[in-house]
Amino acid sequence: MKYGYFDDENREYVITQPDTPLPWINYLGCQAYFGIISNTAGGYSFYRDARLRRLTRYRYNNVPYDLGGRYIYLRDDESGEFWSPSWQPTRHDLKNYTCRHGLGYTIIESRYSGIEARTNYFVPLDEDLEIWRFTVTNRRKTRPSLSIFSSIEFCLWDAQDDATNFQRNFSIGEVEIEGGVIYHKTEYRERRNHFAFFACSRELAGFDTQREAFVGAYRGWDKPAAVERGRLSNSVAHGWAPMGAHHVKLDLGPDETQELIFLLGYHENPAEQKFDPPTSQTLNKKTVKPIIAKYLNGAHVATAFENLRQYWDGLLGICQVETPDVHTNRMVNIWNAYQCMATFNMSRSASFYESGIGRGLGFRDSNQDLLGFVHMVPARARERLLDLAATQLPTGGAYHQYQPLTKRGNNDVGSNFNDDPHWLILGAAAYLKETGDWGILDEPIPYDNVLGSEQPLYEHFQHSFQYTLDRLGPHGLPLIGRADWNDCLNLNCFSDTPGESFQTTTNKDGRAAESVFIAALFVLAARELAEIAQRRGRKDEAQRYLAEAAKMEDTVRKHGWDGEWFLRAYDDFGRKVGSQECAEGKIFIETQGFCVLAGIGLDDGRAQRAMESVSKHLATEHGIILQQPAYSKYYLELGEISSYPPGYKENAGIFCHNNPWVMIAETRIGNGDRAHDYYARINPSAREPISELHRCEPYVYAQMIAGRDAPTHGEAKNSWLTGTAAWNYCTITQWILGIRPFYEGLEIRPVVPKSWRGFKATRRFRGVTYHITVERAGPGNQVALRVNGVPSEGAVVPAPAEGQREVTVDVTLT
Ligand code: BGC
Ligand code: NOJ
């Protein structure tokens, strides 16, 4: 069953039923001001940091789940009936409900009792505010008197503190109201120089800023006393719970439409200009007023919306494909790229599953997120890479996370996730291949942000590389530390204390447990580094990286192969993890995918065997399971992985992030049929018809789909913020369709299904637009290129002559 449909032309997903299995959300904003919005207008807003600069309050794990948001109420002032045109919170039986989630905006429309309403929520480019453009149309024969009420609840900035520190918070809330604009200024008198504003384009019949005055005691958002009464009380919040509500009265003739604009925004004043007059405690509104005035104007709002549409046209235009598979096209051309923007911006901070009050930006997460983002806004990827590198430790190790506001490594979470350092090399290699910006390697970057410790970025990679060589275990494989990519394989944790964090507790000094996954990652990163060194004229270094990669590959062959597949690890007792010898957890996905994608086993048949084993033991119709058989009990020596009930998360869930590694591995052994088949199994668009089972949004990837050991096999969880977005994007565009940025030019080496007659693509790359047509003339993956009609050697399209902006590439597959 479906709850809506894809409108590909408008690049929207249109939800036609408000009670989706879970709130289906979208992101507003893509620069500094962000909001989450669900299909029933639930969600919250923040500036840059979901925890520390939260504008609106959100109650987690609420009942109903999706409660609290940007609510507008409509009231028929004759009958006194009122309803929510976004369905929540009053949940009336709306006619013609639709929610259009588009790129950076959401439009919710409905009709009730002859009144049509439409709200377009979006964040204009380069502004720190969101616009609710509300239009209401009277489809009655009569001329009703209507009231419109807006409502939002302010958060007292630090969302964590806001949800816990009530003894203080109930006494600190402050607002100002001037000219119909509600200003939220809690803590502005002391150490903050920022405030929020909530404005309306119409003359007000009243306002409220104290939640209790609006909602009433012992009531909820579904039945606010003030809306029921039809009148706000012009309350001024002193302490308790500051909120914003406007009341506007409208008389509408038959078929008449009127537009109202609401603005919710964030603003900072220079420290020395906080107050006006300077000796007072009154907000200086001089700098914000022109911004408010601008966007309360319908013409400016219309332009801002158009600019946003164009911005996304431009970003998505960088890579467009036309394949025989509609789901591939839709994900590549629209949604997967869009999700990559969200993961790049949010990391794992704010979604309906990531609370936005926990983690900062993950070192490995952010390096991977940029793989799917770098082609869109390379300058931001560059900045992110340098920020990440600046948190690297002098040992070459990395803080597992850093805080986006301070850009400092997060001490609470610490380091010793021994895979972390290598992701920096992979992220940087992707950036270099996309941009050819070699200058980045010379950027002086400190370690742990310590002034004076700067070294060229390139040397940071050398530290990453050396980090592993300095930490080899008994078999010559890399020591795992706290964990590798799999945060839940905690081989040094031995945690028997309730509530202890598996990630940050290390109860063993960790000189035995080794990771075959890190070995594969090391091989890949070392080879990438060699490519970079080679091109920098550091031939000896390149040789050394290659030699160490070969040595590690050898070690994997000797100690990391189990007969039919790659081993996963050795535990603290030197016992195998992910082996025939194990009672449970005999085979893991990570090493099958990653060893082969790193090139291990391509020349000795192991790659094929590993892929056969994946197909036999791990592949299901809903995707590839992380490990089998699932752990049925808690193993002290394995950690969090065995803490999950079988079939969920890392304990034999379908962890979508590493499915694409297997897809890439399949392309590396030339199996386009299987690569694309695996791709289709987790492609959310392809899963749309089973939305009832899948439950998450059909337009974005989820972190996990329940595995076959779970009672809810096929059910997705934790949508939006997952490394799955970037990896699937890279896999489909670069490995299956085979359009791959490379140092010397764009490489084109598709490994597509045999049944495909071909496909087309346009790719903007380093200022040149490549028009690519691939045609199949035989069943294999051999490519022959013609560039602007002329046959060209190899698979890399040479850079065109200066000034040439368009290139045609015809590719024949045989
Ligand atoms: C989750 C992982 C996550 C880790 C770090 C674990 O509980 O299962 O998916 O990466 O926590 O936050
Ligand atoms: C989510 C984490 O953000 C990521 O870093 C980790 O690799 C996966 N979970 C797998 O455990």
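Quick caveat, the model's predicted, so the values are computed rather than measured. Just so you know, residue 1 is the first one in the sequence shown, and it goes up from there. Atoms within a ligand are numbered from 1 in the order they appear, just like the ligands themselves.
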Worksheet item: Would you say W485 and ligand 2 have an N/O pair spaced under 3.5 Å apart?
Response: yes

Worksheet item: Quick one: do R364 and D369 make a salt bridge, cutoff under 4.0 Å?
Response: no

Worksheet item: Are R53 and D49 within salt-bridge range, i.e. N to O under 4.0 Å?
Response: no

Worksheet item: Roughly how far, to the nearest 0.5 Å, is the OG1 atom of T468 from the CG atom of L479?
Response: 9.5 Å

So which protein heavy atom does [atom] come closest to, and at what separation?
atom	result
atom 12 (O) of ligand 1	R359 CZ, 3.2 Å
atom 11 (O) of ligand 2	E650 OE2, 2.5 Å
atom 11 (O) of ligand 1	Q503 OE1, 3.7 Å

Worksheet item: Hey, does I589 have a side-chain heavy atom less than 4.5 Å from the side chain of W661?
Response: no

Practice prompt. Would you indicate whether the side-chain heavy atoms of I705 and R687 approach each other to under 4.5 Å?
Written response: yes

Practice prompt. Look at ligand 1 and say whether Y644 reaches it with a heavy atom at a distance under 4.0 Å.
Written response: yes

Worksheet item: For ligand 1, is there an atom lying under 4.0 Å from some heavy atom of R348?
Response: no

Please could you name the atoms of ligand 1 that [X] approaches to less than 4.0 Å, counting only its heavy atoms?
X	value
Q703	9 (O)
E650	2 (C), 8 (O), 9 (O)
E640	6 (C), 7 (O), 8 (O)
C488	1 (C), 6 (C), 8 (O)
D487	3 (C), 4 (C), 5 (C), 10 (O)

Discussion item. Both conditions, 6.0 Å and 45 degrees, for the charged tip of R48 above the ring of F34: are they met here?
Written reply: no

Worksheet item: Does NZ or CZ of K649 fall inside the cone over F655's six-membered ring, less than 6.0 Å from its centre and within 45° of the axis?
Response: no

Practice prompt. Report the part of D487 (side chain from C-beta onward, or backbone N, CA, C, O) that has a heavy atom under 4.0 Å from ligand 2; answer both or neither where that applies.
Written response: both

Worksheet item: Quick one: does ligand 2 sit under 4.0 Å from the side chain of Q703, the backbone, both or neither, non-hydrogen atoms only?
Response: side chain

Worksheet, complete the sentence: When N416, V413, T504 are each screened for side chain to side chain contact (heavy atoms under 4.5 Å, CB included) with H400, the one that passes is V413

Item to complete: Provide the number and element of each atom of ligand 2 under 4.0 Å from a heavy atom of D365.
Response: 2 (C), 3 (O), 4 (C), 5 (O)

Item to complete: May I ask you to decide if the ring planes of F352 and Y65 are parallel, tilted or perpendicular, using 30° and 60° as cut-offs?
Response: perpendicular

Worksheet item: Is the closest heavy-atom distance from K649 to ligand 2 below 4.0 Å?
Response: no

Worksheet, complete the sentence: Y27 meets the ring pair (Phe, Tyr, Trp, His ring centres under 6.0 Å) criterion, sequence neighbours left out, with W720

